[in-house]
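For reference, the structure is listed below as C-alpha cells.
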Amino acid sequence: MNPKKIRQDFPVFQNHPDLAYLDSAATSQKPEKVIKAVEKFYRRQNSNIGRGLYDLANSATQMYSKSREKVAEFIGAEPEEVVFVRNTTEAENLLAYSYSFEGDIVLSKMAHHSEQLPWRRKSQKEDKDLRYIQTENGKLSLESARKVINKDTGLVAISHVSNVFGAENPVEEIIKLAHENNAVVMLDAAQSAPHMRLDVNNLNADFMCFSGHKILGPSGTGILYGRKELMEDMEPYQIGGGMVNSVEKDKVEYSSTPDKFEAGTPNVAGAAGMKAAIEYLESIGMSQIKKHTEKISEKIWDTVDQQEGFENISPEGANIVSFRSEYAHPHDIAEVLNQYGVAVRAGQHCAQPQVREIDVNGTVRASTHVYNTEEDVEKLEKGLEEVRNLFG
Ligand SMILES: Cc1ncc(COP(=O)(O)O)c(C=O)c1O
C-alpha cells in the first residue's frame with residue numbers, strides 16, 4: 001500500500017497538507033468515499049426507515065439493512081447480532097443496563113472510562129463484587145486474570161487493545177478462562193477494530209463493541225455485537241418507536257433483536273457512511289493496514305526511545321505509542337508539537353485509574369492510521385528536539 005496516495009483520499013489533508021495527524025485513536029479522518037456516502041444519502045435517499053411505504057423510504061430502509069449486513073460480514077456475525085449504537089460508550093451502557101446475570105464482575109485496571117464506569121455502577125447498584133485484572137508491561141496480566149476470574153464470576157469486560165498502551169492483550173486466553181468458569185465476556189474492540197480483522201467466531205467473545213468514527217466512519221456510529229441467544233433474552237435499553245410489534249392498553253410486545261435495541265430514528269446517514277468506511281478498509285485490506293500502522297508506530301517508538309530525556313510507556317511493538325518526558329508536562333509537549341504541525345493527544349486518555357498509576361501528569365500519545373507516512377514521524381522527531389531545546 002502507498003500511504004502517500006492513500007492520503008489523497010482524505011479531504012482533510014487537502015485542506016491541511018502539512019498536518020501530521022497522530023491522533024487516530026481519538027478519532028480517525030474520513031475518506032472522500034465516506035463523506036460522499038453520507039452526502040448521497042441526504043441528497044438522494046433521505047427519509048425515515050422501517051416506516052414509510054413509498055419508494056424513497058424503501059430505498060433508505062434497504063440501505064440501512066445492507067449496512068448492517070456489511071458490518072456483520074466484516075466481523076463474521078449474523079445481521080441480527082449487530083446493533084447500531086452511537087459509539088462504544090453507548091454499547092457498554094446498553095449492555096450493562098440490559099444484560100442481567102448472576103455472579104460478579106471482572107474488569108481491567110487499564111479499562112477506558114466508557115468500559116469501566118457502566119460496570120462499576122452496575123456492581124454498586126446490584127451489589128456485585130468487582131475485581132480488576134492488573135496490567136503488566138502494558139498488557140493484561142494473565143497471572144492476575146487467573147486470580148480474579150473464578151466460579152463466582154458472571155461477566156468479564158476487557159479491552160482488546162488499550163488506548164493508553166496500544167498493545168494487543170492476550171484476550172483469547174482470558175476469554176477461554178472466563179468460559180471455563182461459565183462467565184460471559186464483553187470485548188471492547190474500540191482500538192483493535194481500526195487496525196485488525198476481527199472475527200467473532202475466532203475471538204469467541206459473547207459481546208463486542210467498537211466505534212464507527214475510529215474506523216474511518218462518521219461520528220455518531222458504533223456497533224454492539226452480541227450472540228443472538230443472549231441478545232434475545234435481554235431487556236431493551238431504551239423504549240419507544242420502531243422497536244415494537246404491538247402496543248395495547250396494558251401490554252407491549254417488543255420486536256426481536258436487533259430492532260428492539262434501536263428505539264427511535266437511528267443515525268441512517270451514519271449507517272451509509274459506516275458501510276462506505278468498511279468497503280474502503282476492505283479495498284486496502286485489514287492485514288495491509290495492520291502491517292502499515294505497526295510499521296509507522298514502530299518508527300515512532302524508536303524515535304522516542306532514541307531521544308534523550310524521553311521514555312516510552314507503551315511496550316515495544318505496540319500500535320499506539322504513549323510516552324513522557326522528564327523535561328515537560330504532556331500538555332506542554334503537545335503544544336510544542338502542535339507548532340510543528342503534529343497533532344497528538346496528551347493527558348489521561350479517559351483511563352485515569354490506570355494512568356495515575358504510571359504518572360499523575362499523564363502521557364503524550366501518538367496513534368496512526370492508513371494515511372500516516374514516515375514524514376509524519378520526522379515532524380514528530382523535530383518537535384521532540386524542540387521540546388528538549390525549550391525545556392531541557
Ligand atoms: C478502548 C476504548 N474504549 C472505549 C472508547 C470510547 O469510545 P467512544 O468515545 O467512541 O464511545 C475509547 C475511545 O477512545 C477507547 O479507546
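One is the number of the first residue; the rest follow in order along the sequence. Atoms considered below: every heavy atom in the structure, side chains included; atoms not considered: hydrogens, waters and symmetry mates. Each ligand, and each atom within it, is numbered from 1 in the order the structure gives. Because the structure is a prediction, the values reported are computed rather than measured.
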Element-labelled atoms of ligand 1 that are located less than 4.0 Å from some non-hydrogen atom of Thr89 = 6 (C), 8 (P), 9 (O), 11 (O)

For atom 15 (C) of ligand 1, the protein heavy atom that lies nearest, with its residue and separation = His112 CD2, 3.3 Å

Reported CG-to-CE distance for the pair Leu224 and Met231, which is rounded to 0.5 angstrom = 5.0 Å

In ligand 1, the atoms that come under 4.0 Å of a heavy atom of Lys214 are 7 (O), 12 (C), 13 (C), 14 (O)

Identify the residue among Asp332, Val364, Ile333 that makes a side chain to side chain contact (heavy atoms under 4.5 Å, CB included) with Val387.
-> Ile333

Should the proximity of Arg86 to ligand 1, defined as any heavy atom under 4.0 Å, be assigned to the side chain, the backbone, both, or neither?
-> neither

Salt bridge check: are Glu375 and Arg7 linked by an N-O gap of less than 4.0 Å?
-> no

Heavy-atom contacts with Asp188 under 4.0 Å: which atoms of ligand 1 show up? List them by number with element.
-> 1 (C), 2 (C), 3 (N), 4 (C)

Test of ring centre spacing under 6.0 Å for His112 and His349 = no

Below 3.5 angstrom, do we get any N/O pair linking Ser159 and ligand 1?
-> no

Answer yes or no: are there more than 12 heavy-atom neighbours, outside Tyr132 itself, under 6.0 Å from its atom OH?
-> yes

Under 4.0 Å from one or more heavy atoms of Thr88, ligand 1 contributes atoms 4 (C), 6 (C), 7 (O), 10 (O), 11 (O)

For Asn163, counting its heavy atoms only, list the atoms of ligand 1 lying under 4.0 Å from any of them.
-> 16 (O)

Would you kindly specify which portion of His213 sits under 4.0 Å from ligand 1, judged on non-hydrogen atoms: side chain, backbone, both or neither?
-> side chain

Under 6.0 Å from the CD atom of Glu126, do we count more than 12 heavy atoms belonging to anything else shown?
-> yes

May I ask you to check whether over 12 heavy atoms, not counting those of Lys33, lie within 6.0 Å of atom NZ?
-> no

Which atoms from ligand 1 have a heavy atom of Gln191 less than 4.0 Å away?
-> 1 (C), 14 (O), 15 (C), 16 (O)

With ring centroids as reference points, do Tyr21 and Phe10 lie under 6.0 angstrom apart?
-> no

Can you find a non-hydrogen atom of His113 under 4.0 Å from ligand 1?
-> no

If you count the non-hydrogen atoms of other residues, nucleotides and ligands that lie under 6.0 Å from NZ in Lys299, is the total more than 12?
-> no

Per-atom contacts, ligand 1 versus Ser114 - under 4.0 Å to a heavy atom | 3 (N), 4 (C), 5 (C), 6 (C)

Which ligand 1 atoms does Ser211 reach within 4.0 Å, using its non-hydrogen atoms?
-> 7 (O), 8 (P), 10 (O)

